[in-house]
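Residues: numbered from 1 along the sequence shown.
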Amino acid sequence: MASSVQSGGSSGGPAVPTVQRGIVKMVLSGCAIIVRGQPRGGPPPERQINLSNIRAGNLARRAAATQPDAKDTPDEPWAFPAREFLRKKLIGKEVCFTIENKTSLGREYGMIYLGKDTNGENIAESLVAEGLATRREGMRANNPEQNRLSECEEQAKAAKKGMWSEGNGSHTIRDLKYTIENPRHFVDSHHQKPVNAIIEHVRDGSVVRALLLPDHYLVTVMLSGIKCPTFRREADGTETPEPFAAEAKFFTESRLLQRDVQIILESCHNQNVLGTILHPNGNITELLLKEGFARCVDWSIAVYTRGAEKLRAAERFAKERRLRIWRDYVAPTANLDQKDKQFIAKVMQVLNADAIVVKLNSGDYKTIHLSSIRPPRLEGENTQDKNKKLRPLYDIPYMFEAREFLRKKLIGKKVSVTVDYIRPASPATETVPAFSERTCATVTIGGVNIAEALVSKGLATVIRYRQDDDQRSSHYDELLAAEARAIKNGKGLHSKKEVPIHRVADISGDTQKAKQFLPFLQRAGRSEAVVEYVFSGSRLKLYLPKETCLITFLLAGIECPRGARNLPGLVQEGEPFSEEATLFTKELVLQREVEVEVESMDKAGNFIGWLHMEGANLSVLLVEHALSKVHFTAERSAYYKSLLSAEEAAKQKKEKVWAHYEEQPVEDVMPVLEEKERSASYKPVFVTEITDDLHFYVQDVETGTQLEKLMESMRTEIASHPPVEGSYAPRRGEFCIAKFVDGEWYRARVEKVESPAKVHVFYIDYGNREILPSARLGTLPPSFSTRVLPAQATEYAFAFIQVPQDEDARTDAVDSVVRDIQNTQCLLNVEHLSASCPHVTLQFADSKGDVGLGLVKEGLVMVEVRKEKQFQKVITEYLNAQESAKSARLNLWRYGDFRADDADEFGYSR
């Protein structure tokens, strides 16, 4: 451990003690030190040297915990000044020493000199000269060394130094405090200002015992934010070092033990203090990390006042070089190319609250999960109604707020993605579903870490990891700090306020609800919406924020290629370019804020209308990019010219749906002159309802103002004298008032009474039917009876067409009519009467196009041939349209002319 030299002398003289060298590691007291050798491949050997011929006071000792009756022993006078004299003179310095005596117990006594040889300062003489030690009693001055000690002592006495000064030396006795009553208060009282201290003991590389000055608190200090390998205590009392524990301890000892330092007290853990030790030569916390002797720990890194990022950077330095404890380290993204580790991408979709779908420069799509955060989730087992299907976005508290935060900030924007780790796929267990492989990354936009912003608003929580789990965010400490702020400020998930509830009605596919809701959307004009899902190029699911409902929305005026469908027992292939149309619509509007104009609905409860995004009409855009064709129903639309112009341009390019387009020669169409015998007296009507058998109800436009006045007066009277709930007993055929879904009262007729909870009513002014409880019915005031104003809804049927008896074919025809004319103004002409209701022709109010003829052109219905002379010209026009539909194999005619002996099977007759 220490080099030695032999002093020269005659072979016959007395033996001269061997001079040995070492470095002072520690001063035990005023007369004992520990010296060490030079490290070679590990911590060096050590030995304790006691000074010969002198005695210094004993330092204070704490009573052993195993002896409850024992008491703490205080400092003897001048013991601590003696220790301090040696500490400041010797710690870390090279000394030489000679061993003069060794006891049977192995204790060694000798002389210590400062420097490389015995010409240096004699430490024992210096102590005695300062009055900090005395010669041992009964020792005679019979050699030069003892003579010098005697002289030094006499000089100290004469100068009244140290223990020879006046008084009993009580002022040199420390008031040592081994425990702190309130560690938290003690730490806070220092306000993170540096405290002077002496490091008295190093337990391991990151835990020391420090004497805080000037109040002499003896405290255990754990270095904030890191942990070194430790010494594991076995059952037999021995200690087993973890790999690199001894090396880490020596690293700290050689730099801090018994040095004057400053400590920033940052927090406390039980009776231990968390802090940062500052030394003129550097910060031991960061040095330990950089040399690979320590790892960062999450539970205390947040209190590190000099910035957790510095610790992570130092740890990363050691990891990259595989130093010491990181010798077997493999980075989580080691197998990724640099271009796959960090890239710029465009956000196309937000998945709940912790993942996004991005479009790479290559055009590929990739799902990215935000590193180290967990989205809101349901707590407990009984929070969800077992009979109700869980809708995570709306039913999990704060999930909707989190998704909206990400959607508004990211959708359509370019972000920077830094991959932190790849989480491998995991199989399903009894409690946890299977997960596919996940790419977890830090996503930033404009320098803002999206995960950190989400956590700071209390819209996500930070995942806690095992200490050795390196698969985490590269900005994990910032996430923890953001979560701490959110908890402190009571944000989002950490708020003590009531949890926000989102009651979102899903009326997709609910025909009854959709029918009730339709008038509101029509009156609203353009409504704000968010595209939640894209089923196909022209079929979307929308969220209407003002109405807090979800609807299925079909784009009006176009015919988009149908996508593939899964039918029982087979998969129906999609039409050409259906996938391209779906992708086009997704990229353009998915999760974007749009405006919609609802015009009508089909029989399945889907709303039909126009969708606008940033001033562009999606129907026109699909036609413009040759991904849709113009449907004839667009003729009466304000967007018809734009659609035709876009279609003509697409046809000329001969791309996609127009790839095989050939221009047809224009034929001169002779106008069909009406026979004089046929009465053509069209009157304006408002179509209010379409029935399943293709009958429809209309209101006379001329009497519309009378109905409005009557309804207004009736509602005023009902408001002042509301009906008593349950007082009305409905009877079949009786007129009454009924409360509709909009909360308003309307005139109605009772058609059937199943029970008080199920009463079938017919709204006599609108033609729609509903099943209501009797509590929502009341007596019709006489002043508003049908004698005052007859029922305004009149039933009609289309003339000159056969309604398909096949259910699917009939539904297609009804859907088309609903799209075209429900809740719109048309022109009506009665052609002939029948037993059920008058048969009429109906024209669009703007284009004067025949609605029934349009159905025939589309192949949705067949012509009903009538023999009356006055109808022959009209019948001829209808039959020509039917032949065109048959040639084009549209709808009913898709399999050719099926009208043969088996025509009845299809529900038709010639």
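- F97 places none of its side-chain heavy atoms less than 4.5 Å from the side chain of R21.
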Listing, residues 223-233 side-chain donor-acceptor contacts under 3.5 Å, not counting sequence neighbours, or none:
| unit_1 | atom_1 | unit_2 | atom_2 | d |
| --- | --- | --- | --- | --- |
| S224 | OG | E266 | OE1 | 2.5 |
| S224 | OG | G275 | N | 3.2 |
| T230 | OG1 | E242 | OE2 | 3.4 |
| R233 | NH1 | G237 | O | 3.3 |
| R233 | NH2 | E239 | OE2 | 3.2 |

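- Under the rule for a side chain to side chain contact (heavy atoms under 4.5 Å, CB included), the partners of N50 that lie at least two apart in sequence or sit in another chain are A32, Q48, R107, Y109.
- The side-chain heavy atoms of R464 and L480, taken from C-beta on, include a pair separated by under 4.5 Å.
- When atom types are taken as modelled, the side chain of R87 and the backbone of Q258 share a donor-acceptor pair closer than 3.5 angstrom.
- Across I301 and A308, no two heavy atoms sit closer than the pair CG1-CB, 3.8 Å.
- If you take CD1 on I33 and CZ on R47, they are separated by 11.0 Å, rounding to the nearest 0.5 Å.
- Salt-bridge check for K319 with E315: passed, with a basic side-chain N closer than 4.0 Å to an acidic carboxylate O.
- The environment of K102 atom NZ is sparse: at most 12 non-hydrogen atoms of other residues, nucleotides or ligands sit within 6.0 angstrom.
- Under the 6.0 Å cut-off for aromatic ring centres, Y217 and F186 qualify, their centroids lying closer than that.
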side-chain hydrogen bond (donor to acceptor under 3.5 Å, both in side chains) between E286 and Y304, worked out = CA-CA 11 Å; E286 294 174 19; Y304 182 70; 2.9 Å; yes
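- Between the side chain of D75 and the backbone N or O of A60, at least one donor-acceptor pair lies under 3.5 Å.
- In summary, of the residues considered (I277, L211, I284), a side chain to side chain contact (heavy atoms under 4.5 Å, CB included) with I199 occurs for I277 alone.
- For the residue pair T98/Y113, the side-chain donor-acceptor check at 3.5 Å is not satisfied.
- For the residue pair Y421 and D470, no side-chain donor N or O sits within less than 3.5 Å of a side-chain acceptor on the partner.
- A donor-acceptor pair under 3.5 Å is absent between the side-chain atoms of T238 and the main chain of E234, judged by distance alone.
- Residue H475 holds its NE2 atom at 11.5 Å from CZ of R312, rounded to the nearest 0.5 Å.
- Scanning both residues, A63 and D72, for their nearest heavy atoms gives N-OD1, 2.8 Å.
- For E291 and R324, the salt-bridge test passes: some basic side-chain N is under 4.0 Å from an acidic carboxylate O.
- Around CZ of R174, the count of heavy atoms belonging to other residues, nucleotides or ligands within 6.0 Å exceeds 12.
- The main-chain N or O of D215 is found under 3.5 Å from a side-chain atom of K177 such that the two form a donor-acceptor pair.
- The main-chain N or O of D69 is never found under 3.5 Å from a side-chain atom of K71 such that the two would form a donor-acceptor pair.
- Judged purely by atom type and a 3.5 angstrom limit, R61 has no side-chain atom pairing as donor or acceptor with the backbone of T73.
- In summary, E253 and K25 engage in a salt bridge, as defined by a charged side-chain N under 4.0 Å from a carboxylate O.
- Using a 4.0 Å cut-off between charged nitrogen and carboxylate oxygen, K89 and E84 do not count as a salt-bridge pair.
- Atom SG of C96 and atom CG of L114 lie 8.5 Å apart (nearest 0.5 Å).
- Inter-residue side-chain proximity for T276 and I263 is flagged as unmet; no heavy-atom pair is nearer than 4.5 Å.
- Taken from SG in C440 to CZ in R423, the straight-line distance is 5.5 Å, to the nearest 0.5 Å.
- Looking at every heavy atom in both residues, E100 comes nearest to S52 through OE1-OG, 3.3 Å.
- Side chain of S126 to backbone of N122: a donor-acceptor contact under 3.5 angstrom is found.
- Here the side chain of R83 pairs no donor or acceptor atom with the backbone of A79 at under 3.5 angstrom.
- Closest non-hydrogen pair, I91 versus M26, comes out as CD1-CA, 3.7 Å.
- The distance from atom CD1 of I422 to atom OG1 of T439, rounded to the nearest 0.5 Å, is 3.5 Å.
- For the residue pair R209 / T220, a side-chain donor-acceptor distance below 3.5 Å is found, with atom types taken as modelled.
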Go through the steps to decide whether D260 and N196 satisfy the test side-chain contact (heavy atoms from CB on, under 4.5 Å), and finish with yes or no.
-> CA-CA 7 Å; D260 290 311; N196 292 326; over 6 Å; no
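- Counting only distance, with no hydrogens or angles, the side chain of N489 and the backbone of R485 share a donor-acceptor pair below 3.5 Å.
- You'll find the side chain of V221 stays beyond 4.5 Å of the side chain of N272, heavy atoms only.
- Counting only distance, with no hydrogens or angles, the side chain of H279 and the backbone of N281 share a donor-acceptor pair below 3.5 Å.
- The nearest pair of heavy atoms linking S474 to T442 is OG-OG1, 3.6 Å.
- Between W78 and H171, the ring planes are perpendicular. Angles over 60° get that label, and only those under 30° would be called parallel.
- A cation-pi arrangement is present between R472 and Y476 under the rule of less than 6.0 angstrom and at most 45 degrees off the ring axis.
- For CD of E437, the number of neighbouring non-hydrogen atoms (other residues, nucleotides, ligands) closer than 6.0 Å is greater than 12.
- The aromatic rings of H269 and W299 sit tilted relative to each other, their planes meeting at an angle between 30° and 60°.
- Annotation: the span from N53 atom CG to C31 atom SG amounts to 11.5 Å, rounded to 0.5 Å.
- When all heavy atoms of T285 and N283 are compared, the closest pair comes out as N-OD1, 2.9 Å.
- Salt-bridge formation is detected for the pair E76/R55: a Lys NZ or Arg NE/NH1/NH2 atom is positioned less than 4.0 Å from an Asp or Glu carboxylate oxygen.
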